[in-house]
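A quick write-up on the structure given underneath.
Quick caveat, the model's predicted, so the values are computed rather than measured. Within every chain, numbering begins at 1; the chains are lettered A, B, ... in the order of the sequence lines, protein sequences first and strands thereafter.
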Protein chains: 2
Amino acid sequence: MKNNLKIERRIKNLTQEDLAKMIGVSRQTINSIETGRYVPSTILALKISAVFEKSVNEIFSLEVSD
Amino acid sequence: MKNNLKIERRIKNLTQEDLAKMIGVSRQTINSIETGRYVPSTILALKISAVFEKSVNEIFSLEVSD
DNA sequence: AAGAAATGTAAAGTATGTTTGTCATATTGA
DNA sequence: TCAATATGACAAACATACTTTACATTTCTT
C-alpha cells in the first residue's frame, strides 16, 4: 500500500510528531506508516483523513502486491 | 467506528461469503467487521471500497469513542 | 560549522486483527 | 413446513499493529 503522508504533512507544515499528537499515536507509528513498515488500522486512516481534509482513498492506495 | 457494509452488500446482493471471497479474507472477518467486533486494516478497507465503488469514508466513519 | 530539531530504525512488550474450526440461530425459498 | 442458505458468535492459534525507549543519521537554522 502506498501513501502521500509525507507530502500532505509538508502541505500542512506538520512534523511527524505534530501529526502523531493530533491523532493520538506515537511518532514512530506515523514514521512507520510513512516509510511503509506497516499498514494502519482504518480508524487511524480516518483520523489522518480528517486532519488532511482528504478522503482515505486520496491518501492511501492499493498496490499490486496488496 | 461505524460502517455501512450490510447495506452496501444488500445493494450489490452479496453474501458475507461472496464479499469475503472477492477480497480474499474469511467470512468471519467480514462478519466481525460488520458487527463491529473489530476494525479492519486500511488495506481491507480499500479493497471493500473498490468492491462497492465508494470511498472508504463513505463506508466507514469515526464515532466519538474512537 | 555547530547546535537543535526532525527523521529513520530497532528491540521488546502489549494489543488487536485474521484464520480456521465449530456450533447455534435466523432467514429464505420450494 | 422443511431444508438449504446465511448470519452471529466463540475459542485457539498466529500475524501484525502499536507503544515505549533508545540511539544514529539527516535536515534546518543561525
_Short side-chain N/O contact from B:K6 to OP1 or OP2 of D:dG8, under 4.0 Å_ = yes
*asked:* Main chain of A:N57, side chain of B:S55: is a donor-acceptor contact present, judged purely on distance under 3.5 Å?
replied: no
*Distance, rounded to the nearest Å, where A:Y38 contributes OH and C:dT14 contributes P*: 17 Å
_In whole Å, I'd like the distance from the CZ atom of A:R9 to the C1' atom of C:dG8._
12 Å
*Send over the distance from B:N31 CG to C:dG17 P, rounded to a whole Å.*
15 Å
*asked:* Main chain of B:D66, side chain of A:K47: is a donor-acceptor contact present, judged purely on distance under 3.5 Å?
replied: yes
*So, B:T29 and B:S26: side-chain donor and acceptor under 3.5 Å apart, yes or no?*
yes
_Under 3.5 Å: donor-acceptor pair, side chain of A:N31, backbone of A:Q28_ = no
*Using a heavy-atom cut-off of under 4.0 Å over every strand shown, decide if A:S26 touches base, sugar-phosphate, or nothing.*
base
*Considering only side-chain heavy atoms of A:V25, which listed nucleotide, C:dT19, D:dT19, C:dA6, is closest?*
D:dT19
*Using distance alone, with no hydrogens and no angle criterion, decide if B:N4 and B:R9 have a side-chain donor and acceptor under 3.5 Å apart.*
no
*Residue A:Q16, side-chain atoms from C-beta onward, closest of D:dA6, C:dT9, C:dT7*: C:dT7
*Nearest of D:dA17, C:dT7, C:dT18 to any side-chain atom of B:P40?*
C:dT18
Are any protein N/O atoms closer than 3.5 Å to N/O atoms in nucleotides 22-28 of chain D? If there are, list each pair with its distance.
unit_1: D:dA22; atom_1: N6; unit_2: A:Q28; atom_2: NE2; d: 2.9

*Between A:E17 (CD) and D:dT21 (P), how many Å, whole number?*
13 Å
*With heavy atoms under 4.0 Å as the rule, sort B:T29 into base, sugar-phosphate or nothing.*
base
*Can a side chain N or O of B:S41 be found less than 4.0 Å away from OP1 or OP2 on D:dT16?*
no
*Over how many whole Å does the gap from A:I30 atom CD1 to C:dT9 atom C1' extend?*
16 Å
*Whole-Å distance between C:dA6 C1' and A:K21 NZ?*
13 Å
*Given atom CG of B:L44 and atom P of C:dG17, what is their separation to the nearest angstrom?*
11 Å
*Linking I/L/V/M/F/W/Y whenever their side-chain heavy atoms sit closer than 4.5 Å, directly or via other members, would A:Y38 and A:M1 fall into one cluster?*
yes
*Does any non-hydrogen side-chain atom of A:L14 lie less than 4.5 Å from one of A:M22?*
yes
*Report the distance from atom CD of A:E34 to atom P of C:dG8, rounded to the nearest whole Å.*
6 Å
